[in-house]
Amino acid sequence: MEEILHLASHALEHAFWDTLRLVPFLFVTYLAMEAIEHKAGDKAEAAMQKAGKAGPLVGAVLGVVPQCGFSAAASTLYAGRVITVGTLLAVFLSTSDEMVPLFIAEQVPVGFMLGILLAKVAIACAAGLLVDFMLRRLHRDGDRKFHIHELCEQEHCACEEHHSVVGSALRHTLQVTVFILLVSFALEIVIDAVGEDALAQFMSASPLLSVLAASLVGLIPNCAASVTITQLYLEGALGLGAMMAGLLVSAGVGLLVLFRTSRPLGRNCAIAAALWGCGVIVGIALTLLGF
């Protein structure tokens, strides 16, 4: 019983601090969305529509900043249809989370680190632009309307009954934060129970299998995923292809926020599948090329 309580306490502590650092990003994002909705209206919608095609490039560059706040913010913006699917995917693919701090701590050559980051940006941008192009050709991008009010209706926050932009943003932030905290707590318990050694053995079985394994671990919406993948690469347990597959897929808590705030569910699953597919394709290609 004491061991279980210790495990739960440890998991709750990690989940709390991991969630807490996201709150400023979530609040600022919701505040901006509410301000745009209340103040800008149709002009903002027109501006967003005109700037849409460059979205994946901007998303890829912002996402490479070493923290997962942007992926959470991007999911929130997508839920309000402020950004395109391609832009969201670009942010997810370029998000590096804990890779850069670990590389710096282990004194990885700056040139190599910059090469990885630039590769992630290029892959993210290309994938995002391709997805947006295909959706436009298929006439599936018509849902990209600026309808934050539908997000409010979905969350049952009754924002229309309140005139305070700050109050509405706080309500949205609180709802999403509680959801992330609960899921992160559950994931921390699972990760602590399984152990990093078991994850290491699972991911280093064979070169191609390690790509698939790393990409699956990368889907875990928790910073522990990118930490584990990066550390295994630094220790020589994973090849470059497997590391890239896992880190491309590792979008932090962005997926959690996406599934919490955006509908329909089927589209969220398709986005997650596209994210995983991109990581696997790049990882296998690099592995077959001998990297």
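Note that this is a predicted model, so its numbers are computed, not measured.
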Is Met243 reachable from Leu288 through a run of I, L, V, M, F, W or Y residues, each pair having side-chain heavy atoms under 4.5 Å apart?
yes
Please report the interatomic distance CD1(Ile123) to CG(Leu118), rounded to the nearest 0.5 Å.
11.0 Å
Correct closest heavy-atom pair for Ala214 and Ala242 would be CB-O, 3.3 Å
Are the side chains of Val91 and Leu62 in touch, meaning some heavy atoms are under 4.5 Å apart?
no
Same apolar cluster (I L V M F W Y, side chains within < 4.5 Å links), Val121/Val131
yes
Would Ile116 and Leu240 count as a side chain to side chain contact (heavy atoms under 4.5 Å, CB included) if you check the C-alpha gap in whole Å, the side-chain angles of each, and the deciding distance to 0.1 Å?
CA-CA 10 Å; Ile116 295 294; Leu240 179 63; 3.7 Å; yes
Closest non-hydrogen atoms of Tyr78 and Ser262, given as atom of the first, atom of the second and distance, are CE2-OG, 3.5 Å
Let me confirm one number: the CE-CD1 distance from Met244 to Ile229, rounded to the nearest 0.5 Å.
11.5 Å
Minimum heavy-atom distance between Asp132 and Gly86, given as atom pair plus value
OD1-N, 2.8 Å
Ignoring hydrogens and geometry, is there a side-chain-to-backbone donor-acceptor pair from Ser71 to Ala251 under 3.5 Å?
yes
Least distance between heavy atoms, Ser94 atom then Lys120 atom
O-CE, 3.3 Å
Is Leu289 reachable from Leu247 through a run of hydrophobic residues whose side-chain heavy atoms are each under 4.5 Å from the next?
yes
Is there a donor-acceptor contact under 3.5 Å from the side chain of Arg81 to the main chain of Leu77?
no
Under the side chain to side chain contact (heavy atoms under 4.5 Å, CB included) criterion, do Ser215 and Leu219 qualify, and how do the steps go?
CA-CA 7 Å; Ser215 63; Leu219 283 176; over 6 Å; no
Heavy-atom side-chain contact between Leu216 and Trp276 under 4.5 Å
yes
Got a donor-acceptor contact below 3.5 angstrom from the Thr261 side chain to the Val257 backbone?
yes
Carefully, step by step, assess Phe103 and Leu234 under the rule side chain to side chain contact (heavy atoms under 4.5 Å, CB included).
CA-CA 8 Å; Phe103 272 7; Leu234 292 172; 3.9 Å; yes
Identify whether Leu248 and Leu129 are in the same connected component of the hydrophobic contact network (ILVMFWY, side-chain heavy atoms under 4.5 Å).
no
What are the two closest heavy atoms between Ala245 and Val211, and how far apart are they?
CB-CG1, 3.8 Å
Hey, is CZ on Phe112 packed in by over 12 heavy atoms from elsewhere, all under 6.0 Å?
yes
Is there a path of hydrophobic side-chain contacts, each under 4.5 Å between heavy atoms of I, L, V, M, F, W or Y residues, that connects Val61 with Leu275?
yes
Considering only heavy atoms from C-beta outward, does the side chain of Leu135 approach that of Thr84 to under 4.5 Å?
no
Test Leu212 against Leu208 for side chain to side chain contact (heavy atoms under 4.5 Å, CB included), laying out the working first.
CA-CA 7 Å; Leu212 298 176; Leu208 290 179; over 6 Å; no
Taking every non-hydrogen atom, the tightest pair across Leu20 and Pro24:
O-CD, 3.5 Å
With a 4.5 Å cut-off on side-chain heavy atoms, are Val166 and Phe27 touching?
yes
Any side-chain heavy atom of Leu88 within less than 4.5 Å of one from Ser75?
yes
Residue pair Leu258 / Phe92, side-chain heavy-atom distance below 4.5 Å:
yes
